[in-house]
Undergrad: 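Dropping a structure here in structure tokens format, bear with me for questions.
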Amino acid sequence: FYREIKTLNHHQIVKYRTDFEKTALQSNFEKRKWQKTSSDTDWNFFWASVGTVRQIFNPEIGYRLADNQIINHYPNHVELTRKDLMVKNLKR
């Protein structure tokens, strides 16, 4: 994802957002010269907790990711991360 943005425009800055403080994450993002933002919509990468992802993608809100946005979790990720549910879904 980072390489794709970099090749599109050498001057574009990746904006990241996070809902909790993790020193390892932030130092890694800053090492790449990513810019932290608190904007609800103007970000490229969002490191979010599962609860935050559920709130953002609540059907009542209707939020959808833009083409230049990526997130570390997605709604119903449990369907693939739990082996019993993954098998159930693969058998469909």
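Computed from a predicted structure; not experimentally measured.
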Undergrad: With sequence neighbours excluded, tell me which residues meet side-chain contact (heavy atoms from CB on, under 4.5 Å) with Thr23.
TA: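 So Thr23 forms no side-chain contact (heavy atoms from CB on, under 4.5 Å) with any residue.
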Undergrad: Sequence neighbours left out, what passes side-chain contact (heavy atoms from CB on, under 4.5 Å) with Ser39? Give chain and number order.
TA: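 With sequence neighbours excluded, Ser39 shows a side-chain contact (heavy atoms from CB on, under 4.5 Å) to Thr37, Thr41, Asp42, given in chain and number order.
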Undergrad: Hey, could you give me the CD1/CZ distance between Ile61 and Arg54, rounded to the nearest 0.5 Å?
TA: 14.0 Å
Undergrad: Quick one: list whatever passes salt bridge (charged side-chain N to carboxylate O under 4.0 Å, His left out) with Lys36, sequence neighbours left out.
TA: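 In terms of salt bridge (charged side-chain N to carboxylate O under 4.0 Å, His left out), with neighbours along the sequence ignored, Lys36 is linked to Glu21.
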Undergrad: Considering residues at least two apart in sequence or located in another chain, which fulfil the ring-ring contact (aromatic ring centres under 6.0 Å, His included) criterion with Phe46?
TA: Trp43
Undergrad: Considering only residues two or more places apart or on different chains, which pairs with a residue in residues 56-65 satisfy salt bridge (Lys or Arg N to Asp or Glu O under 4.0 Å)?
TA: none
Undergrad: Leu25, Val14: one ILVMFWY side-chain cluster at the under-4.5 Å cut-off?
TA: yes
Undergrad: Please report the shortest heavy-atom distance between Val53 and Ile71, naming the atom on each side.
TA: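 Nearest heavy atoms, Val53 then Ile71: CG2-CD1, 3.9 Å.
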Undergrad: If you measure from OG on Ser38 to NZ on Lys15, what distance do you get to the nearest 0.5 Å?
TA: 10.5 Å
Undergrad: Could you work out, with side-chain contact (heavy atoms from CB on, under 4.5 Å) as the rule, every residue matching Leu90, not counting sequence neighbours?
TA: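 Leu90: side-chain contact (heavy atoms from CB on, under 4.5 Å) contacts with Met86.
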Undergrad: What is the ring orientation for Phe29 with Phe45, classed by angle as parallel under 30°, tilted 30 to 60°, or perpendicular over 60°?
TA: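 Because their plane-to-plane angle is over 60°, the rings of Phe29 and Phe45 count as perpendicular.
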Undergrad: Quick one: do Tyr16 and Glu30 satisfy side chain to side chain contact (heavy atoms under 4.5 Å, CB included)? Show the steps, please.
TA: CA-CA 10 Å; Tyr16 77 93; Glu30 290 168 5; 3.8 Å; yes
Undergrad: Nearest heavy-atom pair of Asp19 and Ala48: which atoms, and what distance?
TA: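 Smallest heavy-atom distance, with atoms named: OD1-CA, 3.4 Å.
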Undergrad: What heavy-atom pair brings Phe20 and Gln26 nearest, and what distance separates the two atoms?
TA: O-NE2, 4.5 Å
